[in-house]
Amino acid sequence: MLQNKRNTGSALIEKIAETKDITREELSYLLSGEDEEIIQELNRKARETADEIYGKKVFIRGLIEFTNYCKNDCLYCGIRKSNRRAERYRLTEEEILSCCESGYDLGFRTFVLQGGEDAFFTDEKICGIVKQIKSRYPDCAVTLSIGEKSRESYQAYFDAGADRYLLRHETADAAHYGSLHPKEMSWENRIRCLWDLKAIGYQTGCGFMVGSPHQTVDTLYEDLQFIRKLQPQMVGIGPFIPQKDTPFGGEAAGTMEMTLRLLSIIRLLHPPVLLPATTALGTIHPKGRELGILAGANVVMPNLSPVGVREKYKLYDNKICTGDEAAECRFCMENRMKGIGYEVAVDRGDFRG
Ligand code: SAM
């Protein structure tokens, strides 16, 4: 009986890998199944798939959280505009460039500029910063993650030299989106942004939180189908973690088990995708990032932000690494990856689709 179930599980994993598709029922089976062996096989198959394309390498991205001012009021996010407890900060252009300088010396060849939607950083300022980074470090990629903008703004950043853009779609289900965001925010606009980014030519990343309030197998199924349709170069998923000063402060966090299963499924549905093992995953479990890599992820994003501001970029409670210098994070990550048989790659780590 158990052996039959295992054979069915193995056949299903093979089928998903072969067709790069999954049905609602198959997803439900893999997310609710309790047979550890089947889940381990899912993780193993995803890891082998990533190894075939990227080898035993993990790409590192230097994350620079340059502003926590935000005009949006997402119900889950610690830097939402209504959170009066958030201590606001902005890095100056010089501070951002100095993060890149120390990052470059540490072997980073991708800088991710992430922040809230902060009107202080006009398109002109963003373009100026991107141009500065690209002229000082022409062998590096610049990733922007600064939210929803017009197509013209995205085009301007791209023309200034930005290579990649991360914008999690948050959920592919419009009603679910409505339960996570205030009514001023629109799911249609978020999705429009992603299609614009792809059309312009960015290496584009979408993604979602695992275990966000009101998420169901059905909404996750929509997420996976959206990924299949968009064919993004990157997908960022990590567990939802409550932040006590937000409306979702009392909600349950997403789990590591569910995040690992979804990382593996995404790897099988879209084999060349750049898939980070996120800081949120490392926050809910001390070995979360290592286990994420072993489940098929192939990117980690150590923090390059100045230590003085890290505690303030608090999207969720108990965020890790807020007291560590950039160099500590970099070498800690190298050791963690070595510990599971992987090497941190010193290159841009582009998509190999
Ligand atoms: N403003 C930009 C945007 O909207 O894409 C980038 C910054 S935003 C804070 C980055 C991501 O953090 C969001 O897309 C969301 O998925 C994630 N995030 C926010 N609050 C979170 C929480 N409580 N737990 C886990 N992830 C969270």
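Note that ligands are numbered from 1 as they come in the structure, with each ligand's atoms numbered from 1 the same way.
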Exercise. Does a donor on one side chain sit under 3.5 Å from an acceptor on the other, for Y104 and D139?
Worked result: yes
Considering the heavy atoms of [X], write down every atom of ligand 1 situated less than 4.0 Å from one of them.
X    : value
E170 : 13 (C), 14 (O), 15 (C), 16 (O)
S145 : 2 (C), 6 (C)
L167 : 5 (O)

Would you check whether [X] reaches within less than 4.0 Å of ligand 1, judged by its heavy atoms?
X    : result
C70  : no
R190 : yes
G207 : no
M209 : yes

Pick one of side chain, backbone, both or neither for how [X] approaches ligand 1, counting any non-hydrogen atom pair under 4.0 Å.
X    : result
A280 : neither
Y313 : side chain
P239 : backbone

Heavy-atom count around [X] [atom1] within 6.0 Å, excluding the residue itself: above 12?
X    : atom1 : result
D105 : CG    : yes
K131 : NZ    : no
R85  : CZ    : no
E124 : CD    : no

For this session: Please determine if K125 forms a cation-pi arrangement with F120, meaning its NZ or CZ atom is less than 6.0 Å from the six-membered ring centre and no more than 45° off the ring axis.
Result: yes
Problem set entry | Heavy-atom nearest option to atom 9 (C) of ligand 1, drawn from L281, V112, L315, I146 | L315
Exercise. For atom 6 (C) of ligand 1, which of P242, G115, A253 has the closest heavy atom?
Worked result: G115
For this session: State whether the shortest distance between N or O atoms of R168 and N or O atoms of ligand 1 falls below 3.5 angstrom.
Result: yes
Problem set entry | N/O separation below 3.5 Å, Y316 to ligand 1 | no
Exercise. Among pairs that include at least one residue of residues 65-95, which meet ring-ring contact (aromatic ring centres under 6.0 Å, His included), considering only residues two or more places apart or in two chains?
Worked result: F66-F121, Y76-H181
Exercise. Between E222 and R24, is a salt bridge (charged side-chain N to carboxylate O under 4.0 Å, His left out) present by the stated rule, with each step listed?
Worked result: CA-CA 9 Å; E222 298 304 325; R24 215 178 281 265; 3.7 Å; yes
For this session: Taking only Lys NZ, Arg NE, NH1 and NH2, and the carboxylate oxygens of Asp or Glu, determine whether K56 and E343 approach each other closer than 4.0 Å.
Result: no
Problem set entry | Protein heavy atom at shortest distance from atom 20 (N) of ligand 1 | Y76 CD1, 3.4 Å
Problem set entry | Protein residue, atom and distance nearest to atom 22 (C) of ligand 1, heavy-atom basis | I241 O, 3.5 Å
For this session: Rounded to the nearest 0.5 Å, what's the gap from SG on C140 to NZ on K134? Could you check?
Result: 7.5 Å
